[in-house]
There are 2 protein chains.
Amino acid sequence: MAFHKKEEFGKKEQELAEVAKALSHPARIAILKVLAQKNECICGEIVDVLPLAQSTVSQHLKELKNAGLIEGTLDGPRSCYCINWKAFEKFTAGINSLFTNLKAKNEKACC
Amino acid sequence: MAFHKKEEFGKKEQELAEVAKALSHPARIAILKVLAQKNECICGEIVDVLPLAQSTVSQHLKELKNAGLIEGTLDGPRSCYCINWKAFEKFTAGINSLFTNLKAKNEKACC
DNA sequence: TTCTATTATCGTATATTTACGATATAAAAT
DNA sequence: ATTTTATATCGTAAATATACGATAATAGAA
């Protein structure tokens with residue numbers, strides 16, 4: 001009944017999984033969409049758009065920040081978030097690199 | 001104390017989140033890596049490589065299959081899995097499409 | 001200073017995930 | 001027909017995630 005075996009895997013796998021986990025909730029995808037659409041940094045406008053309580057949105061923002069997908073600075077009573085594009089590029093590149101060497105060969109599937 | 005609000009978001013967000021969730025555990029990333037490296041379809045070789053019990057690996061395979069990232073066919077006592085490349089392409093394209101219109105403008109960050 | 005507005009954190013209930021062993025299933029081998 | 005082998009499923013315990021309201025914190029306005 002051991003648990004939490006995640007650290008027994010490779011660093012690369014863990015990092016990819018961590019980012020994927022941050023992306024694994026529609027609310028967080030929606031938050032990223034809002035941040036991308038409004039070019040300026042947003043704060044509580046996100047709360048107005050999502051069907052969630054303010055505290056829940058704040059929690060989701062924290063998870064996105066911990067995963068490195070967004071950056072945020074406190075600016076008095078209001079905070080300012082923006083997307084970290086490099087983290088996204090790193091993620092998609094990481095996913096692709098798992099397969100690049102074989103992607104072409106496998107087009108016709110297997111079983 | 002309502003729960004499971006995921007269905008209140010858009011279909012696109014839900015689909016992206018679902019795939020991301022399947023990718024959100026290092027064991028499943030590792031499984032995909034193995035499936036990609038061995039060009040032929042694998043089954044219990046995965047169990048030998050991972051630090052997990054057979055039943056746990058089977059569970060992870062099921063989740064990857066449910067998310068559409070792999071395909072599997074039963075072949076007697078042994079089963080045959082392979083990667084569904086199209087699902088990956090759809091996923092990365094979906095992630096990128098959240099931002100494409102603004103990606104260039106934002107390079108210099110915000111706050 | 002006191003009030004207001006905005007965001008973060010705490011506490012908590014419920015849901016889901018993760019992992020395992022035990023058991024079922026199903027084809028091949030003996 | 002029985003055994004072996006490979007995989008899936010069931011049951012279950014512990015961990016984590018999700019959501020909310022209540023509360024703290026912090027800067028600006030009155």
Side-chain angles (χ1 to χ4, degrees), chain A residues 1-9 13-14 17-31 34-35 40-67 70-82 111, chain B residues 1-9 13-14 17-31 34-35 40-67 70-82 111:
Chain A
M1 263 163 262
F3 260 77
H4 199 242
K5 282 206 160 186
K6 291 180 184 176
E7 62 289 329
E8 296 193 21
F9 294 90
E13 283 85 352
Q14 289 185 55
E18 195 192 349
V19 176
K21 190 185 217 171
L23 295 171
S24 72
H25 196 287
R28 293 194 285 269
I29 301 280
I31 287 172
V34 174
L35 284 177
E40 54 186 13
C41 303
I42 319 282
C43 47
E45 288 138 304
I46 300 168
V47 176
D48 299 336
V49 173
L50 300 190
L52 297 171
Q54 178 267 324
S55 57
T56 307
V57 171
S58 192
Q59 207 170 283
H60 282 306
L61 284 166
K62 192 180 179 186
E63 286 172 60
L64 287 168
K65 194 176 176 183
N66 286 341
I70 65 176
E71 292 166 7
T73 54
L74 292 177
D75 194 24
R78 67 200 66 199
S79 57
C80 167
Y81 285 104
C82 61
C111 16
Chain B
M1 264 162 268
F3 259 77
H4 199 242
K5 283 204 159 187
K6 292 181 183 177
E7 61 290 327
E8 296 192 21
F9 294 89
E13 283 85 352
Q14 288 186 55
E18 195 192 348
V19 175
K21 191 185 218 171
L23 295 171
S24 73
H25 195 287
R28 292 194 285 270
I29 301 280
I31 287 171
V34 174
L35 285 176
E40 53 186 13
C41 303
I42 320 279
C43 46
E45 285 139 305
I46 301 169
V47 176
D48 298 336
V49 172
L50 300 190
L52 297 172
Q54 178 266 324
S55 56
T56 307
V57 172
S58 192
Q59 208 170 283
H60 282 305
L61 284 166
K62 193 180 177 184
E63 286 172 60
L64 287 168
K65 194 176 175 182
N66 286 342
I70 65 175
E71 292 167 7
T73 53
L74 292 178
D75 193 25
R78 68 201 66 201
S79 58
C80 168
Y81 285 104
C82 60
C111 12

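Because the structure is predicted, anything quoted here is derived from the model rather than measured.
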Chemist: Within the side chain of A:S58, is there an N or O that forms a donor-acceptor pair under 3.5 Å with the backbone of A:S55?
Modeler: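 It does not hold such a pair.
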
Chemist: Phosphate oxygens OP1/OP2 of C:dT16: is one of them under 4.0 Å from a side-chain N or O of B:K6?
Modeler: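 Checking C:dT16 against B:K6, no side-chain N or O comes under 4.0 Å of OP1 or OP2.
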
Chemist: Take the protein atom NE2 of A:H60 and the nucleotide atom P of C:dA8, then report the distance between them rounded to whole Å.
Modeler: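 The answer, rounded to whole Å, is 14 Å.
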
Chemist: C:dA19 P sits how many Å from B:L50 CG, rounded?
Modeler: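 Rounded to the whole Å, the gap is 10 Å.
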
Chemist: Mind telling me whether A:H25 and B:F9 have parallel, tilted or perpendicular rings, with 30° and 60° as the class edges?
Modeler: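 Aromatic pair B:F9/A:H25 classed perpendicular.
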
Chemist: Does OP1 or OP2 of C:dT16 have a side-chain N or O of B:K21 closer than 4.0 Å?
Modeler: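 No, B:K21 has no side-chain N/O under 4.0 Å of OP1/OP2 on C:dT16.
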
Chemist: Can you list the residues that meet the salt bridge (Lys or Arg N to Asp or Glu O under 4.0 Å) rule with B:E18, with sequence neighbours excluded?
Modeler: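 If we apply the salt bridge (Lys or Arg N to Asp or Glu O under 4.0 Å) test to B:E18, skipping adjacent residues, there are no hits.
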
Chemist: For residues A:H60 and A:L52, determine if any side-chain heavy atom of one lies less than 4.5 Å from a side-chain heavy atom of the other.
Modeler: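 Yes - at least one pair of side-chain heavy atoms lies under 4.5 Å apart.
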
Chemist: If only side-chain N and O atoms of A:K5 are considered, is one of them under 4.0 Å from the OP1 or OP2 phosphate oxygen of D:dA15?
Modeler: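 No.
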
Chemist: Let me have a per-nucleotide readout for nucleotides 5-11 of chain D, 5' to 3', with B, S or -, counting only protein heavy atoms under 4.0 Å.
Modeler: BBBBB--

Chemist: Report the distance from atom CD of B:E7 to atom P of D:dT18, rounded to the nearest whole Å.
Modeler: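 Atom-to-atom, B:E7 to D:dT18, this comes out as 14 Å.
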
Chemist: Could you measure the distance from the CD1 atom of A:I70 to the NZ atom of A:K62? Nearest 0.5 Å is fine.
Modeler: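 A:I70 atom CD1 to A:K62 atom NZ measures 12.5 Å (nearest 0.5 Å).
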
Chemist: When rounded to the nearest 0.5 angstrom, what is the spacing between CD1 in A:I46 and CG in A:L61?
Modeler: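 It is 5.0 Å, given to the nearest 0.5 Å.
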
Chemist: What's the CG-P distance between A:N66 and D:dA17, to the nearest Å?
Modeler: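 Spelled out: CG on A:N66 to P on D:dA17 is 11 Å.
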
Chemist: So what does B:K65 hit on the nucleic acid, given a heavy-atom distance under 4.0 Å: a base, only sugar-phosphate, or nothing?
Modeler: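 Contact class for B:K65: none.
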
Chemist: CD of A:E8 versus P of C:dA19: gap in Å, rounded?
Modeler: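 One finds 9 Å between P of C:dA19 and CD of A:E8, rounded.
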
Chemist: A:H25 has an atom NE2; how far is it from atom C1' of C:dA15, in whole Å?
Modeler: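 In whole Å, C:dA15 C1' and A:H25 NE2 are 11 Å from each other.
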
Chemist: From CD of B:E63 over to C1' of C:dT18, roughly how many Å is that when rounded to an integer?
Modeler: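 Answer to the nearest Å: 9 Å.
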
Chemist: Do A:L23 and B:V19 have side chains that approach each other closer than 4.5 Å (heavy atoms only, starting at C-beta)?
Modeler: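 No, every pair of side-chain atoms sits at 4.5 Å or beyond.
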
